[in-house]
Structures are given as structure tokens and as C-alpha cells.
Engineer: 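Please read through the structure below; I'll follow up with questions.
Only this structure's heavy atoms are used, side chains among them; waters, hydrogens and symmetry mates stay out. Order of the sequence lines sets the chain letters (A, B, ...), proteins ahead of strands, with each chain counted from 1.
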2 protein chains.
Amino acid sequence: MVVAAQSLEELCINSIRFLAIDGVEKAKSGHPGLPMGAAPMSFVLWDKFMRFNPKNPQWFNRDRFVLSAGHGSMLQYALLYLAGYDSVTIDDIKQFRQLGSRTPGHPENFETAGVEVTTGPLGQGICNGVGLAIAEAHLAAKFNKPDATIVDHYTYVIMGDGCNMEGVSGEACSLAGHLGLGKLIALYDDNHISIDGDTEVSFTEDVGKRYEAYGWQVLTVPDGDTNTAAIEAAIAEAKKETTKPTLIKIRTTIGFGSPNKQGTAGVHGAALGGDEVAATRKQLGWDYEPFVVPEDALNHWRKAIERGAKLESDWNAAFADYKAKYPEDAATFERLLSGKLPDGWEKCLPVYTPEDKGLATRQTSEKTLNAIAPVVPELIGGSADLTHSNLTLLKGFGDFQKGSYQNRNLRFGVREHAMGAICNGIALHNSGLIPYCATFLVFVDYMRAAIRLSALSEAGVIYVMTHDSVALGEDGPTHQPIETLASLRAIPNLLVFRPADGNETSGAYKIAMERRKQPSLLAMTRQALPNLDGSSIDAVARGAYILSGSDDLPDIILVGTGSEVSLCVTAAEKLRAEGHKVRVVSMPCWELFEEQDEAYKNTIFPKADQKRLVVEAASSFGWQKYMGSEGDIISIERFGISAPGNVAMEKFGYTVDNVVARAKAVIGK
Amino acid sequence: MVVAAQSLEELCINSIRFLAIDGVEKAKSGHPGLPMGAAPMSFVLWDKFMRFNPKNPQWFNRDRFVLSAGHGSMLQYALLYLAGYDSVTIDDIKQFRQLGSRTPGHPENFETAGVEVTTGPLGQGICNGVGLAIAEAHLAAKFNKPDATIVDHYTYVIMGDGCNMEGVSGEACSLAGHLGLGKLIALYDDNHISIDGDTEVSFTEDVGKRYEAYGWQVLTVPDGDTNTAAIEAAIAEAKKETTKPTLIKIRTTIGFGSPNKQGTAGVHGAALGGDEVAATRKQLGWDYEPFVVPEDALNHWRKAIERGAKLESDWNAAFADYKAKYPEDAATFERLLSGKLPDGWEKCLPVYTPEDKGLATRQTSEKTLNAIAPVVPELIGGSADLTHSNLTLLKGFGDFQKGSYQNRNLRFGVREHAMGAICNGIALHNSGLIPYCATFLVFVDYMRAAIRLSALSEAGVIYVMTHDSVALGEDGPTHQPIETLASLRAIPNLLVFRPADGNETSGAYKIAMERRKQPSLLAMTRQALPNLDGSSIDAVARGAYILSGSDDLPDIILVGTGSEVSLCVTAAEKLRAEGHKVRVVSMPCWELFEEQDEAYKNTIFPKADQKRLVVEAASSFGWQKYMGSEGDIISIERFGISAPGNVAMEKFGYTVDNVVARAKAVIGK
């Protein structure tokens with residue numbers, strides 16, 4: 001076969017394709033189809049549009065790139081390598097999907113510099129993109145001046161059919177259209193193939209029309225395999241539309257260049273195999289050995305280094321000007337980028353005494369959020385349409401809407417899953433913004449995939465989850481968490497708080513604000529709770545602490561969390577009146593307790609004392625770890641019931657009398 | 001104020017409104033706004049179109065009604081009461097949201113006859129509706145004959161803005177459009193109000209256009225408050241379109257009739273208050289005491305009883321004809337409705353011996369599904385675009401597509417959440433169909449809200465979840481379950497199976513097929529496992545059983561699940577060779593083990609023997625319950641890693657040598 005000489009552009013594009021082919025082939029695992037099909041759009045985007053500095057992947061004003069179709073990770077690794085990032089060398093590409101490599105199966109921001117967010121679970125990346133675009137819009141509105149622009153970047157996303165089938169993308173894109181995020185541009189790799197075959201089997205909707213319905217600009221490139229000029233024109237047009245996000249529907253052939261597999265599901269998620277690799281080399285006229293990029297192509301690609309250095313130095317100069325003119329704003333901006341909270345910010349946290357009127361922890365949460373908001377301008381967030389139930393409004397800070405991006409209250413609508421994923425994007429913008437979001441605790445089930453990604457990708461999102469037990473009452477079992485706390489505590493790297501009163505609420509927020517590489521989830525009551533004698537902000541940092549009865553080995557330890565701690569306190573008084581030695585432990589956060597040393601743990605739960613009674617209005621699942629071998633638990637092992645909250649609590653045994661009775665049973669064992 | 005005399009229709013409509021107003025007022029809790037606004041469309045639907053028999057809520061051929069906006073539950077209770085269902089009396093309405101009532105906060109199918117599915121968590125109901133429509137289409141294609149129609153009903157759904165914001169509804173409605181489910185009709189209560197206020201704050205997309213993009217017929221009723229003729233015409237038109245589902249966008253006023261609150265979020269989720277109730281009575285000319293329905297209205301409503309009796313007796317006659325002509329089909333149909341599996345069906349389950357080649361449990365699952373499929377025609381299901389990874393295709397049974405509804409392989413697309421909710425609808429069609437669905441285990445996070453509702457609403461869905469541990473390998477931490485098993489085991493009423501080999505896979509399916517009021521989730525391996533000596537189908541029913549070492553009190557009990565059981569078996573051999581007495585327990589299902597009596601439990605885990613080593617490639621969360629006070633566990637307390645599966649397993653200590661070493665440490669304690 002005689003193949004026409006390749007243009008430099010073709011060389012550059014085929015370099016992506018063959019790095020992906022060879023990387024997957026060596027690993028005998030991975031997804032070559034997407035990189036092969038999306039290579040042209042990626043080349044055009046990275047070569048002609050994307051502003052970034054390969055030698056400083058964290059340069060603030062870079063355009064953000066998200067591969068929402070994360071299974072095509074070799075595309076991203078190829079781009080990073082070709083563009084000259086130090087994080088991905090040719091050896092890293094050869095180590096694709098191997099233990100300890102910087103080129104894992106899916107793009108992971110915590111493994112590979114230049115990867116902005118962790119993708120793979122479909123639909124998440126485009127939502128992260130909406131979050132990145134929100135962060136940019138917010139900071140631009142806040143810091144840019146008529147005569148000085150320091151925040152100005154685009155967010156580009158490559159998404160596939162899978163991303164578009166996932167409901168979470170619909171939620172986020174509906175919101176993005178509503179907000180008019182003009183600097184969000186999604187390239188839809190429209191290849192008509194998903195794992196089960198042609199999208200004809202399950203996905204025949206008109207995607208473009210749907211995005212138009214969301215309020216997006218929709219552009220189409222009918223031939224994304226070879227017509228790079230059309231791709232370039234479309235991206236240019238997308239950038240011109242500043243009041244709407246843009247979807248560019250680019251028709252491609254999955255596995256382009258593989259003579260026997262292109263355009264089929266066979267090339268989606270498996271190595272091509274030696275014969276087909278050879279056939280593809282022939283088809284595309286690629287005479288190079290595996291992992292060899294022709295010099296002309298590499299030279300061209302690596303121009304990104306010089307371009308990037310210039311972009312950053314220009315920006316640095318602009319920022320120096322800005323700093324001279326607007327020193328206070330610049331100082332805030334620099335503090336944000338450093339990730340440091342304002343000195344002494346924690347002094348704003350409300351402190352309570354037992355004399356203070358008891359409030360629901362959703363109310364003390366509201367007070368805390370509103371105490372923090374004026375002091376910590378980087379706090380931004382909102383609720384999934386439950387603002388006045390979750391009590392998460394930052395009063396006086398306005399709504400983040402089209403035309404008022406400087407404001408800090410996000411109105412997510414009834415879109416829990418996208419809310420979490422968007423907050424991940426805001427957090428991973430890495431510009432110091434601290435996102436929080438809210439719904440009823442039970443509805444974490446709607447957004448769990450996003451919460452898991454917060455924990456995995458080290459996104460310090462704060463989840464404010466109210467109505468945290470059957471005590472929410474009448475809404476009944478669909479709304480009453482039972483297994484929810486356990487299911488959250490099981491997630492690695494997630495801090496789960498269940499504060500017992502005002503001080504513990506402040507203490508939980510203190511940690512949540514400070515831990516920027518760890519998400520926190522706060523479970524709050526609907527109902528009022530007394531402020532406890534002995535609670536404090538600092539105590540929360542230990543995860544569990546003694547509220548009363550620390551002096552010597554007790555007859556029993558009552559362990560409570562959240563709304564059940566005050567029950568334990570009152571029950572303890574009754575038990576003491578009857579002559580029992582009782583310790584009350586409040587345990588607002590298991591994960592922080594696990595961080596303590598053995599000595600501290602033993603002061604709370606002495607090994608010599610295995611008689612404990614745990615009181616938590618939830619499933620016992622997992623509590624055996626702390627219950628003691630002679631202990632017991634007042635828990636709920638079924639779904640809840642619709643009834644007034646106090647009635648429901650009584651029905652499940654959350655009364656002082658029952659705690660006293662059950663405690664005596666443990667003591668008498 | 002002088003109010004014009006009300007027409008009978010107005011009386012009927014206002015009867016709904018005031019039952020809702022009075023019920024919420026008495027409970028001092030609930031959502032009056034939706035019932036007040038949606039009363040006209042509900043009256044038209046139930047009075048002019050819906051075919052049902054109030055005295056037999058389970059009559060098979062009834063139209064299905066789903067209140068997807070479940071918070072408006074008083075609407076449904078009012079309709080059930082007015083139409084003459086015995087399940088909701090006026091006393092039940094007075095007990096709205098009270099302990100033990102048949103009128104809980106949200107509609108619950110397991111509490112109230114006439115309620116088809118459990119709603120409240122937004123978006124679920126419309127997806128259930130898609131499942132109900134799939135069930136109808138399938139049974140119609142299967143049983144109807146050119147000269148005899150016995151399956152022929154519509155599915156009507158009332159949904160609100162919240163349902164339309166939730167991504168899960170988009171997933172299901174995209175699929176419904178693809179499938180052309182012409183007998184699904186959704187009434188969109190377009191009232192422009194959600195809890196946070198006007199939908200302008202977050203939801204400004206063009207919903208109708210979006211549904212057109214999905215392939216739906218979209219009709220609009222500009223005045224749904226008073227123009228009942230237009231509502232009637234729209235529903236009639238919807239019924240005429242047999243090849244597409246229909247969305248009827250009906251513009252309404254939330255809280256219609258409340259002079260000071262209608263059209264505001266204030267009427268969404270709280271009682272009107274005494275003054276406003278009085279004002280509303282004036283406004284609507286309603287002179288009746290609370291809970292009193294005027295006789296004319298009730299008489300009209302109750303005509304549904306006679307109508308329903310006639311509908312059912314006509315259908316019974318038609319079915320008798322059918323039975324005479326098609327006795328075999330009729331027998332199958334009757335068996336399906338009875339919920340009884342074919343006699344001796346379980347003989348089809350594959351049985352294995354240790355000599356049989358080891359297979360991945362996803363492969364033994366495939367064999368089992370394909371063994372069951374020919375014997376049990378009611379098995380229907382599929383995967384969320386991972387058919388050839390999950391191995392869930394029923395071979396030779398074709399795809400359920402437009403024009404081939406008789407087929408049994410559902411192609412859900414990458415829509416996990418809707419998949420679960422649709423399967424709930426199929427199960428709760430209560431026509432004997434047994435739905436299964438599949439994805440990677442880690443992606444249960446995408447569909448957890450639906451799984452919870454399977455468990456709560458007693459929908460016997462079978463969840464086939466493959467790639468169940470870090471042993472899946474290269475895809476890495478985004479795809480590797482760690483906390484997933486624990487998070488599922490914590491859900492009440494859900495059976496979680498992790499079979500260790502072929503026999504246990506068959507055993508898990510046996511239970512899953514038989515438990516029709518309990519969902520089952522099967523966690524399957526990607527990698528091959530040996531067939532074990534001592535495993536059996538029947539043993540699975542006990543939840544945990546002794547594979548070897550039953551004779552006397554062992555030095556240690558090795559407890560494994562799934563892929564780690566064979567590790568325990570080999571390690572036990574080594575330990576025995578060194579003189580230790582070792583028991584190996586396989587524990588495929590915690591929940592079934594918990595159902596056993598104490599005597600049985602004690603034969604597995606004797607109280608006298610607290611030295612146990614649990615081996616499971618997952619988080620230890622929850623295992624303390626079985627680990628023993630002197631026990632240990634080989635678990636994973638962090639997210640996974642991208643590496644070949646065997647490398648990942650070795651990295652986390654899942655090797656025979658490590659099990660032996662850790663077991664010795666326990667013995668030596």
C-alpha cells in the first residue's frame with residue numbers, strides 16, 4: 001500500500017492515535033477507540049485554542065480541560081506528553097494502567113499533574129466542567145476590573161454518548177444553560193457507539209435539540225474525522241457566544257484508522273491486537289515503531305511550552321499591574337490561591353452555653369454559615385431547592401445568577417447529583433473557593449457517586465445534610481435516613497459529622513473548612529436540641545470525647561451522636577441518681593476519632609470497660625466496632641414511619657426511660 | 001361575598017382541594033399546594049379516562065396511576081376516597097401523616113391499596129411509570145391475539161417541576177421515547193413554583209422541547225386551573241398517539257383558590273393556617289365543614305364503583321373467552337398473576353463439582369440467567385450498556401424494542417438510576433414479571449435511591465452487579481468497590497449476595513427468584529474462581545455455612561465471601577498441614593444468616609471461639625459483628641489502585657501466604 005505523505009497536522013493527530021494504540025496494546029487493557037476518534041478535535045483544541053503552561057500545570061489562568069469520557073484516558077495522557085508536561089513522560093505512557101504509574105486506567109487529578117478532575121464514572125466530568133466554569137465566572141466577577149482582567153479562562157470538556165445518557169449531565173447542563181455560562185464549551189464526541197453497540201439500541205434522542213432546550217448554543221461538525229477546519233471554525237464560533245454555553249456535536253468514527261474495527265463497539269474498550277495494530281499502521285501510513293513520535297510532530301506539539309511560558313509571563317505582568325492598582329483585592333486573590341484561610345477566621349464561630357436557647361442543628365448550622373460568610377469570602381454554595389429547610393442561605397450575599405456572578409448563593413434546583421459534581425468542580429478549580437451544598441440527608445443516595453468522587457479526588461466539598469433521622473417525622477420512610485449514616489461512614493476519606501448541639505456544629509464546620517483535601521458531610525437535625533454542658537468546638541476535633549463521668553472506670557458508658565447525646569445526658573443523670581457510675585461520650589465524628597492515638601482512644605473507651613450503650617437514631621450497622629463485647633445499642637433495623645417526629649422517636653425507643661432501662665440491662669449483664 | 005353556584009364538576013374538583021386542605025390542616029403538616037392546583041387535571045383524568053375498579057384495586061387490566069410528585073399525597077388519598085376505594089376512608093384522611101395510618105406522608109404502595117408505587121423522592125415515579133408501561137407493552141405483545149385482547153391499559157403519571165429537574169427522569173424519558181411507549185401519558189403540573197420559589201431561580205429550560213427531543217409527543221394546556229375541556233381534549237389526543245409517549249404540559253396555579261398564597265412557594269409544603277383556610281373557603285364558595293364532601297359530588301365520584309365493576313366483569317368475560325381459545329397462554333397468564341414460579345423451575349439451576357472448570361461468577365451468573373430464561377418466561381431485564389461485561393444477555397430472547405415488545409432483553413443505555421427505578425415499576429406492575437438489571441458493582445452509587453425504594457416498597461428486583469472488587473484491576477479506583485458492599489448490607493430488606501463459585505451463584509439466584517417482596521443484589525467477580533468442594537445451592541439459603549472443619553472447636557475460623565473463599569480454602573490446607581485445626585466458613589449473604597435461629601448461628605460461629613479471620617476484598621466496615629473479639633480481618637481501608645487485577649489483589653494482601661500469616665497471628669494471640 002502506498003500512502004500519501006502526511007501533513008504536519010496529520011502527523012500530530014496520528015501521534016495521539018498511536019500513543020493510545022500502543023499504550024493500550026502494551027497494557028493489554030484500555031480504551032483505544034475514543035482517542036483514535038477524538039484525536040482531531042483534541043489536536044485542534046490543544047493546538048489552536050487551549051491556553052496552558054505545560055511547565056506549570058497549576059498556572060491559575062489556564063483553560064481547564066476535562067475528559068468527561070474518562071475511559072479514553074490515553075487521549076489525555078497522550079496530550080499531556082505531547083504538549084510537554086513533565087508529569088507524563090514516554091515511560092509513563094509505557095506504564096499505562098500499571099501499579100504505581102502516573103497513567104492509571106482513568107484520569108486522576110491526584111496522580112497526574114495536568115489532569116484537573118477525576119473522571120471515568122460517566123457524566124461526572126461535564127458536571128465538574130460546569131463547576132469549573134462557575135468558579136471562573138464567580139472569580140472574574142469578583143476580581144476583574146474595568147481596566148484589569150486577571151481571571152479569564154475557558155473550560156473545555158470532551159464528552160461522549162455515555163456522558164449524555166447519564167441523567168447527572170442533564171441536570172448540570174440544564175443549570176449551565178440557565179446560568180448562561182458562556183465560557184463553557186463541550187465537545188460531544190458523537191460516534192454512535194457505546195459498549196452495547198450502535199447507540200440505535202437505546203439512545204436515539206435528538207441530543208442537540210435537548211441542549212437547545214437547556215438554553216445552550218449547539219453547533220455541529222458533520223465530519224470530525226478529517227475536517228479540522230470545521231472543528232476550528234466551530235470552536236471559534238463557540239467562543240464568540242458569551243452568554244450561553246456551547247455544545248459542539250462532532251460526528252466522529254470511533255477507532256478511526258483501524259480498518260476492521262473502526263466504527264464498532266469492538267474498538268471501544270479492548271486492545272486492538274497485534275494484527276489490527278499492524279493493519280492500522282498501514283491504513284494510516286504510520287511507519288514508526290511503538291511509542292515513537294516523529295520529530296516534526298513532537299517539535300510542533302512542544303511549541304506549547306514556549307507558548308505557555310509566554311501566556312503565564314504575560315499574565316504575571318498583568319497581575320503585577322493589578323496588584324499595584326488594587327492591592328487589597330490582589331492580596332485576597334493571592335490568599336485564595338494559596339489555599340490559606342484568613343488569619344483568625346475561626347474566631348467567628350458561634351459559641352454556646354447551656355443557658356442558650358436550644359436550636360436544631362440545622363439552625364446552628366445556619367448561624368455558623370452566616371458567621372463564616374462575611375469573614376471567609378471564598379465560601380460559596382447552596383441547596384438543591386431546599387434552601388429554607390436546609391437553612392443554607394448566606395444572608396445578604398445575593399444569588400449567583402446570570403448577570404450577578406459575584407454573588408455567593410447557588411440555586412441548584414432539584415438536582416442533587418449534579419450539585420455534588422458541580423461542587424467537586426468548584427473545589428478542584430484550586431482557586432481557594434470552598435463549596436458547600438445541601439439537601440435532606442436521605443437524598444445523599446441521589447448524589448453518592450459525586451460524594452465518592454469528592455473523597456477519592458480530594459475535593460474539600462462541605463455537604464450540609466439536614467433532617468437526619470426519623471425525628472424529621474411526618475414525611476415518613478422515603479425521607480427518613482436509617483442506613484444512611486453507616487453508608488457514609490464506610491466511604492474512605494470522607495469526614496461524617498453528626499453534631500449534638502451548637503458548639504459541636506461550630507466545631508464540625510471548623511474542621512470542614514480547614515480540611516481542603518477531604519470532603520466533610522454534616523448531618524443536622526430538623527428538631528431543636530439543648531446546648532450541652534461540656535460540649536466545645538475543640539472537642540469535635542478529637543472525634544469523640546467525654547461529656548461527663550471522666551473520673552474513674554464507670555459502670556457503663558453511654559455513647560451518643562447528634563440528637564441522641566442529650567438523651568444520654570438526661571438518662572445518665574437518672575442512672576447516677578440511682579447510684580450508678582456513668583460516663584457520657586459524645587461521638588460527633590468516627591473518622592476523627594480514628595485519627596487519635598491509642599492512648600486517647602483508651603481514655604474514652606477503656607479496654608477494661610466493655611459495657612457500653614450506643615444511642616443513635618439509625619441502623620446499628622458498623623457500631624459493633626465501638627459497642628464493646630458486653631455492650632448494646634438502641635438502633636433502628638427497619639425503615640421508618642410517617643408520624644410526628646416525637647411520636648416516631650418514641651416508637652423506636654428514643655426516650656430517656658428506655659435509655660435508662662436498656663443501660664441497666666447492660667450493667668446487669 | 002356572593003359566589004356563583006358551583007357546577008357539579010366544580011364541586012367534584014373542589015372536593016379534592018378541600019380534602020387536601022383539611023387533611024393537611026389537621027395534621028399541621030403536608031403539601032396542600034399541589035393537590036389544589038392539580039385537582040382539575042386529576043378529576044378529568046379519573047372521571048373521564050382512568051379505568052379501574054375501586055373495589056378491586058388489584059384488578060389486572062386497570063390503568064396505572066402514579067403520583068410522581070409524591071409530596072402531594074393528599075391528592076392521591078382524596079382521589080382514592082372519592083372514587084370509593086375501601087383503603088382510604090374519611091377517617092383515614094383525618095389521620096393523615098399519623099402513626100399507623102393508611103395515609104402516610106408520601107404514597108406508599110405497601111400501606112395503601114390503590115397506590116401502585118412509592119413516591120416522594122422526586123423523579124422516581126415517572127421512571128416507575130416507564131417500567132409499568134414496559135410491563136404492559138411486554139405482556140400485551142406476549143399474550144394478546146388478533147382476536148383477543150386481555151392486556152390493554154394506560155399508565156398515567158402526574159409529575160411536577162421537581163421531577164423534571166431530577167436527572168433520573170431524563171434518563172427514563174429518553175428511553176421511553178426511544179422505545180415508543182405510546183400508552184404512557186405524563187401530566188406535567190407546570191406551576192412554576194418549587195420550594196425555593198419561582199422556578200425562574202434555577203429552572204428556565206424549555207421542558208416541552210426537551211421531551212420532543214426525547215421523541216415524545218408534547219401537548220400544552222395553557223389554563224389548567226379552569227379549562228377542563230382543554231385538559232380532556234389533550235388527554236384524548238394523547239391516547240390517539242400510539243407510537244410515542246405523551247407529555248401534557250398543563251399550566252396551573254399552585255394552591256389555586258387560596259387568595260393570599262396561591263402561586264407562591266408558601267403554599268407548597270405547609271398547612272395554610274386557619275385564617276387562610278377560611279379565606280380559601282370563601283374564595284371558592286365552599287360552605288362545607290372540614291372533611292365534608294357535598295352529596296352531589298360524592299355521588300358523582302362514586303359512579304366509579306359501578307363503572308369499575310363493569311370494566312372488570314367485561315374483562316373477566318373477555319378473559320374467559322381467551323381461556324377457551326388459548327388455554328395454554330391463559331394458564332401461563334394466570335400463573336404469572338398468581339406470582340407463582342413454574343413447578344420445579346429450580347431444577348434448571350446449574351450444579352458444579354470441583355472438577356468443573358473455574359469460571360468468574362459473572363460467567364456462572366450468565367449460565368444461570370440463561371438456564372432460568374427458558375423455564376421462567378417472566379424473567380426480563382438487561383444491563384446499563386455493559387451487556388458483554390456483565391454477561392446478562394438472555395440468548396435467543398431478542399431485544400425489547402419498538403416493534404418487538406415481546407422480547408426480554410432490555411437495553412437500558414448508560415442510565416443506571418433510571419434502570420433501577422424502571423425495574424421497580426416492572427416489579428410493581430404485580431403481574432408476575434421478574435425484572436433484573438446490571439452494571440458494575442461500584443455504580444450502584446448511581447442508582448442507590450432506586451435500590452432503596454426497591455427495598456422499601458417490596459419490589460423484588462434482581463440486581464446483577466459484576467466487577468465486585470479491586471480484582472477488576474486496571475480500571476482503577478473509580479471503578480473498584482471498597483465501601484460498596486458495606487453500604488448495601490446496611491440497607492434494610494435488601495439481600496446482598498457475594499457468591500464464591502458456581503453453586504453459590506445458582507443458590508443466590510434461587511433465593512432471588514423466589515423472594516418477590518425483597519430485592520436481591522448479587523455481587524459477581526470479573527475474574528475466574530475455582531468450584532469449591534462442599535459448596536451447594538441449598539447452603540446459600542442459610543447465609544453462611546461450613547465448607548470444611550465442622551467436626552470440633554477449631555483453632556481458628558476463616559470466614560470468606562465471594563472470590564476470597566477459595567483463598568481461605570487453600571490457606572486452611574496449609575495451616576492444617578502445620579497441625580492447626582481450621583474451619584472455613586463461606587458467607588454469601590449476611591441477611592439470610594441473620595434469619596437463622598441462634599442454634600444454627602452458634603454452629604457456624606461458636607461463642608466459645610472468638611478467633612476468626614475474615615477475608616474479603618473490601619472495607620472492614622460492619623464486619624466487627626462477625627469477627628469475634630479476638631479476630632482480625634484482611635480488608636481495604638482506602639480507595640483502590642489501577643493495576644492488573646492479580647497485582648492489585650496481591651498489593652492489598654489477598655494471597656494465600658498472607659492469609660496463612662495473618663491466621664497464625666490470630667491463633668497466637
Engineer: Determine whether A:Ile482 and B:Arg452 satisfy the following criterion, side chain to side chain contact (heavy atoms under 4.5 Å, CB included), listing intermediate values before the conclusion.
Structural biologist: CA-CA 11 Å; A:Ile482 298 292; B:Arg452 186 181 211 257; 4.1 Å; yes

Engineer: Tell me, for A:Lys28 versus chain B, whether the close heavy atoms (under 4.5 Å) come from the side chain, the backbone, both or neither.
Structural biologist: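 The answer is neither part of A:Lys28.
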
Engineer: What part of A:Phe203 is in contact with chain B, defined as an atom under 4.5 angstrom from a non-hydrogen atom: side chain, backbone, both or neither?
Structural biologist: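 Both parts, backbone and side chain.
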
Engineer: Under the criterion side-chain hydrogen bond (donor to acceptor under 3.5 Å, both in side chains), I'd like the reasoning laid out for A:Glu205 against B:Tyr211: C-alpha separation, chi angles, the key distance, then a yes or no.
Structural biologist: CA-CA 9 Å; A:Glu205 63 165 68; B:Tyr211 275 79; over 6 Å; no

Engineer: Could you tell me whether the side chain of A:Gln401 and the main chain of B:Val201 form a donor-acceptor pair under 3.5 Å?
Structural biologist: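 Yes.
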
Engineer: Please flag which part of A:Glu108 lies under 4.5 Å from any non-hydrogen atom of chain B: side chain, backbone, both or neither.
Structural biologist: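 Interface part for A:Glu108: side chain.
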
Engineer: Under a 4.5 Å heavy-atom cut-off, does chain B meet the side chain of A:Ser101, its backbone, both or neither?
Structural biologist: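 For A:Ser101, no heavy atom lies under 4.5 Å from chain B.
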
Engineer: Taking the six-membered ring for Trp, are A:Tyr446 and B:His417 parallel (under 30°), tilted (30 to 60°) or perpendicular (over 60°)?
Structural biologist: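 Plane angle over 60°, so perpendicular.
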
Engineer: Would you call the rings of B:His106 and A:His479 parallel, tilted or perpendicular if under 30° counts as parallel and over 60° as perpendicular?
Structural biologist: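 The arrangement is parallel - the two ring planes meet at less than 30°.
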
Engineer: Restricting to non-hydrogen atoms, name the atom on A:Ala27 and the atom on B:Glu474 that form the minimum distance, rounded to 0.1 Å.
Structural biologist: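 Answer, listing the atom of A:Ala27 first, then B:Glu474: O-OE2, 4.5 Å.
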
Engineer: Apply the side-chain contact (heavy atoms from CB on, under 4.5 Å) test between B:Asp385 and each candidate in A:Thr199, A:Asp196, A:Asp161; give the one that qualifies.
Structural biologist: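 Answer after filtering A:Thr199, A:Asp196, A:Asp161: A:Asp196.
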
Engineer: If you measure from OG1 on B:Thr204 to NZ on A:Lys402, what distance do you get to the nearest 0.5 Å?
Structural biologist: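 The NZ atom of A:Lys402 is 6.5 Å from OG1 of B:Thr204, to the nearest 0.5 Å.
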
Engineer: Under a 4.5 Å heavy-atom cut-off, does chain B meet the side chain of A:Glu594, its backbone, both or neither?
Structural biologist: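 Neither the backbone nor the side chain of A:Glu594 comes within 4.5 Å of chain B.
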
Engineer: Counting only heavy atoms closer than 4.5 Å, note whether A:Leu453 contacts chain B via side chain, backbone, both or neither.
Structural biologist: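 The side chain, not the backbone.
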
Engineer: For residues B:Ala486 and A:Ala490, report the shortest heavy-atom separation together with the two atoms involved.
Structural biologist: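 Nearest heavy atoms, B:Ala486 then A:Ala490: CB-CB, 4.2 Å.
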
Engineer: Measure A:Thr118 against the heavy atoms of chain B and call it side chain, backbone, both or neither at under 4.5 Å.
Structural biologist: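 Looking at A:Thr118, just its side chain touches chain B.
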
Engineer: Could you look at A:His31 and say if it's the side chain, the backbone, both or neither that has a heavy atom under 4.5 Å from chain B?
Structural biologist: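 Just the side chain, heavy atoms under 4.5 Å.
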
Engineer: Look up atom CD in A:Glu171 and atom CE in B:Met165, then write down how far apart they are to the nearest 0.5 Å.
Structural biologist: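 Going from the CD atom of A:Glu171 to the CE atom of B:Met165 covers 10.0 Å.
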
